[in-house]
Amino acid sequence: MNMAIREAIKAYKLGEVPVGAVVVKDGEVISKAFNETITMIDASGHAEMLAIRRACEKLENYRLTGCDLYVTLEPCMMCLGAILEARIKNLYIGLLDYKKGACISKMQLHNSSLSYHKLNVFYEESKIYKFLLQNFFKTLRNK
């Protein structure tokens with residue numbers, strides 16, 4: 001999760017919503033990414049989407065079977081869809097998103113009848129990341 005937080009800091013410095021994601025397989029980091037929606041002018045430029053794309057390219061497979069995803073903020077519906085399609089095994093979340101979270105807080109779509117893939121979801125609040133995200137939005141509001 002610390003590596004995902006470092007990715008989120010990169011997004012923060014660019015003025016992007018600070019979210020970071022890391023894909024790991026067998027203890028090895030396969031890919032990492034941070035939010036780049038503004039930079040890329042792309043609504044799908046979420047950290048999870050980018051990390052998944054890069055991992056698929058590196059492993060030369062659209063399935064990430066046996067991979068784990070560490071993400072600083074609970075994924076939205078779009079990202080959860082990509083996580084399920086990629087067949088990620090375990091998802092580790094650092095902070096819940098009570099507005100758009102699709103795994104625990106707002107919705108639990110990974111456990112619904114819509115999902116045919118078993119995704120294990122783990123949540124442990126990261127106080128460091130919570131501070132970073134709160135500071136980002138506080139700074140944004142003060143501008």
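- Ionic pairing of Glu60 and Lys58 is not present here: no N-O contact between side-chain nitrogen and carboxylate oxygen is shorter than 4.0 angstrom.
- Taking all atoms of both residues into account, the shortest heavy-atom contact from His46 to Thr37 is CD2-CG2, 3.5 Å.
- Note: the hydrophobic cluster containing Leu96 does not contain Phe131 (ILVMFWY, side chain heavy atoms under 4.5 Å, direct or indirect links).
- Counting heavy-atom neighbours within 6.0 Å of Ile41 CD1, excluding the residue itself, gives a total of 12 or less.
- Between Ala51 and Ser31, the shortest heavy-atom contact is O-OG, 2.6 Å.
- Side-chain N or O atoms of Asn142 include one that pairs as donor or acceptor with a backbone N or O of Lys138 at under 3.5 Å.
- In the hydrophobic clustering (ILVMFWY side chains linked at under 4.5 Å, chained through shared members), Leu50 is joined by Met40.
- Rounding to the nearest 0.5 Å gives a distance of 11.5 Å between CZ of Arg87 and CG of Leu119.
- Both Tyr70 and Met3 belong to a single network of hydrophobic side chains, linked directly or stepwise wherever heavy atoms of I, L, V, M, F, W or Y lie under 4.5 Å apart.
- For the atom pair Leu91 CG and Leu80 CG, the distance stands at 7.5 Å (nearest 0.5 Å).
- Judged purely by atom type and a 3.5 angstrom limit, Glu7 has no side-chain atom pairing as donor or acceptor with the backbone of Val22.
- Proximity of Val71 to Ile93: side-chain heavy atoms (C-beta onward) are separated by under 4.5 Å at one or more points.
- Under the 4.5 Å side-chain contact rule for hydrophobic residues, Val121 and Tyr98 share a cluster.
- Under the salt bridge (Lys or Arg N to Asp or Glu O under 4.0 Å) criterion, the residue pairs touching residues 31-42 are Glu36-Arg54, with sequence neighbours excluded.
- Sparse packing is recorded around CD1 of Ile128, with 12 or fewer heavy atoms of other residues, nucleotides or ligands lying under 6.0 Å away.
- Put simply, CG on Leu69 and CD on Glu48 are 6.5 Å apart, with the number rounded to the nearest 0.5 Å.
- Across Ala33 and Ala47, no two heavy atoms sit closer than the pair CB-O, 3.5 Å.
- The shortest heavy-atom contact between Ile38 and Gly15 is CD1-O, 3.8 Å.
- Atom CG in Leu95 sits 10.0 Å away from atom NZ in Lys127 (nearest 0.5 Å).
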* Going through the checks in order, is the side chain to side chain contact (heavy atoms under 4.5 Å, CB included) test met by Thr139 and Phe137? -> CA-CA 5 Å; Thr139 303; Phe137 284 112; over 6 Å; no
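- Between Thr65 and Lys89 there is no side-chain heavy-atom pair separated by less than 4.5 Å.
- Tyr129 contributes atom OH, which lies 10.5 Å from atom CD1 of Ile9 (distance to the nearest 0.5 angstrom).
- Between Ser44 and Met49, the closest heavy-atom pair is O-CB, 3.3 Å.
- Note: Lys10 NZ to Asn35 CG = 13.5 Å, rounded to the nearest 0.5 Å.
- Atom OH of Tyr62 has 12 or fewer neighbouring heavy atoms from other residues, nucleotides or ligands inside a 6.0 Å radius.
- Here the side chains of Cys56 and Leu64 are in contact, with some heavy-atom distance below 4.5 Å.
- Taking 4.5 Å as the limit, some side-chain heavy atom of Lys118 sits within range of a side-chain heavy atom of Asn120.
- For Lys25, the NZ atom is densely surrounded, since the number of other residues' heavy atoms within 6.0 Å is greater than 12.
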* Hey, mind stepping through Ile30 and Leu59 against side chain to side chain contact (heavy atoms under 4.5 Å, CB included) and telling me if it holds? -> CA-CA 8 Å; Ile30 304 299; Leu59 296 177; 4.0 Å; yes
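- The backbone N or O of Cys103 lies less than 3.5 Å from no partner atom in the side chain of Tyr123, so there is not a single donor-acceptor pair.
- Put simply, Tyr92 and Phe34 are part of two different groups of oily side chains (I, L, V, M, F, W, Y) that touch within less than 4.5 Å, one to the next.
- Leu14 and Leu132 are members of different hydrophobic clusters when ILVMFWY side chains are connected at heavy-atom separations under 4.5 Å.
- At least one side-chain heavy atom of Ser126 sits under 4.5 Å from a side-chain heavy atom of Ile5.
- No donor-acceptor distance shorter than 3.5 angstrom exists from the side chain of Thr72 to the backbone of Ala4, with no hydrogens or angles considered.
- What you find for Ala86 and Ile52 is that their closest heavy atoms are CB-CG2, 4.0 Å.
- Looking at Ser105, its side chain does come within 3.5 Å of a backbone N or O of Asp97 through a donor-acceptor pair.
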